[in-house]
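Report on one structure; see the data block that follows.
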Amino acid sequence: MALDLATRDQLIDTVRRFVAERLRPLEAKVAEDDAVPDDVLAEMRQLGLFGLSIPEEYGGLDLSMEDECLVGLELGRTSPAFRSAFGTNVGIGSQGLVMFGTDEQKQRYLPGIASGEIVTSFALTEPEAGSDSASVQTRAVRDGDVYVLNGIKRFITNANKASLFTVMTRSDPEKKGAAGVTAFLVPRDLPGLSVGKPEKKMGQHGAHICDVIFDNVRVPAENRLGAEGEGFKVAMQVLDRGRLHISAVCVGVAERLITDCVAYAQERKQFGQPIAGFQLVQAMIADSKTEALAARALTLETARKRDAGQSVTLEAAAAKYFASEMVGRVADRAVQIFGGSGYVADHGIERLYRDVRIFRIYEGTSQIQQVVIARETLKRGG
Ligand code: COS
């Protein structure tokens, strides 16, 4: 649902102020502690951030994709670890349920997801199924009115906090690939489900990824999400949407970095003048600005198309591909403009440089986006 313009502007303004006044001052501490403080999480819940995309009838803000992207742009102006705290609830952890869940499943889980009382995770990736997600091996075997799950999921965002997982399994071993995949909603407290230690990562400290292990986990059949064999479609549609949200966050980080670069270039003097006066520095700023504007336009245009009911598989992949690669280049130029100061920790530039690297990998690598873009373009005939 689209908010009326005044409400939308008010929400964006609130998020902007929360990011500038509350989150940005905490960036270094969150990275150092590898944790977002509980009082900040409580404020995020109060602001409704966990429920941005959840339908209003279940207590969410029910934002249109365009409005969610506009909020994503604001959230990108600080460490991506903050967004990650509620990002799974807004995207990959909730949208399978929103798009494919029964009324009963929605009533049971969505209010808690919207309020942030339930944290969600999306368990697709496995040790042997990364980009090739149709080859998942986690088994689901029907046993009366339950399915018994066995297997390991890897690099699962927010798994250590999650109380509800959307899990992609192989329910029919005879059917290879996508056709044998079935999705389930799996509560954390079922016996046999355990979560590994958070991985030590290159960046986005404060956001966590872990293994999730299923050892004879008995999941009630009523927790199946969609029909048997429909799980891959669930995953792909969730990712189509998630990729757009990530694109918006990439643009937000790029805009933040450009602002930081401009401020620094105007203040830093070399050869007797601010380095902003040098055309080679200006060229880097111009390239970053141009690319950020292009990514912003592509992301918002695609969000509007999705809101209008069009399929955006190609465009969402293109937005994710371009925006994630773009922010990598912008972060690299930022280190260059800041020079030695960009390489040391004080200004936070090297931290963002590390933080943005994962955008080219998660929710589908750049190479997977290229595959999707090429396939869809060939299918469409141009
Ligand atoms: N929406 C709806 N259905 C889709 C879809 C989409 N975006 N993409 C594929 N499908 C359907 C296809 O239509 C096909 O259905 P039918 O067999 O009924 O025709 C089925 O899913 C299989 O599709 P496809 O043959 O394209 O599957 P592939 O195994 O070739 O895989 C890619 C396709 C590579 C695109 C997919 O595996 C992928 O996106 N991988 C990356 C996964 C990822 O992002 N992982 C990150 C971790 S999650 S944070």
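Counting convention: from 1, in listed order, for ligands and their atoms alike. Quick caveat, the model's predicted, so the values are computed rather than measured. Just so it is clear, the values below take in all heavy atoms, side chains as well, and ignore hydrogens, waters and symmetry mates.
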So does E128 have more than 12 non-hydrogen atoms from other groups sitting under 6.0 Å from CD? no
If you scan protein heavy atoms around atom 2 (C) of ligand 1, the nearest is Q237 NE2, 3.6 Å
Which residue and non-hydrogen atom of the protein lie closest to atom 26 (O) of ligand 1, and at what distance in Å? R375 NH1, 2.5 Å
Within reach of ligand 1, part of A178 (heavy-atom separation under 4.0 Å): side chain
Can you sort out which atoms of ligand 1 are near A134, meaning under 4.0 Å from one of its heavy atoms? 29 (O)
Using a 4.0 Å heavy-atom cut-off, say whether R154 meets ligand 1 through its side chain, its backbone, both or neither. neither
Going by an N to O cut-off under 4.0 Å, is there a salt bridge joining K29 and E32? no
Contacts satisfying side chain to side chain donor-acceptor pair (under 3.5 Å) that involve residues 216-227 (not counting sequence neighbours) are R108-N223, Y109-N223, D143-R218, Y147-R224, N150-N216
Check each atom of ligand 1 against the heavy atoms of V372 and keep those under 4.0 Å away; list them by number with element. 35 (C)
If you round to the nearest 0.5 Å, how far is CG of L52 from NE2 of H245? 7.5 Å
For atom 46 (C) of ligand 1, closest protein heavy-atom neighbour: G364 N, 3.4 Å
For V90 and E68, work out which heavy atoms get closest and say how close. CG1-OE2, 3.5 Å
Which is closest to atom 5 (C) of ligand 1 in terms of heavy atoms, M236, Q369, E376? M236
Taking only heavy atoms of D240 into account, list the atoms of ligand 1 that are under 4.0 Å away from them. 1 (N), 6 (C), 7 (N)
Do any heavy atoms of F232 fall under 4.0 Å from ligand 1? yes
Please tabulate, for the side chains in residues 271-281, all donor-acceptor contacts under 3.5 angstrom to protein atoms that are two or more places apart in sequence or on a different chain.
none

For atom 41 (C) of ligand 1, which protein heavy atom lies nearest, and how many Å away is it? S131 O, 3.3 Å
Region of V371 engaging ligand 1 - heavy atom pairs below 4.0 Å: neither
Could you list which atoms of ligand 1 come closer than 4.0 Å to a heavy atom of T125? 47 (C)
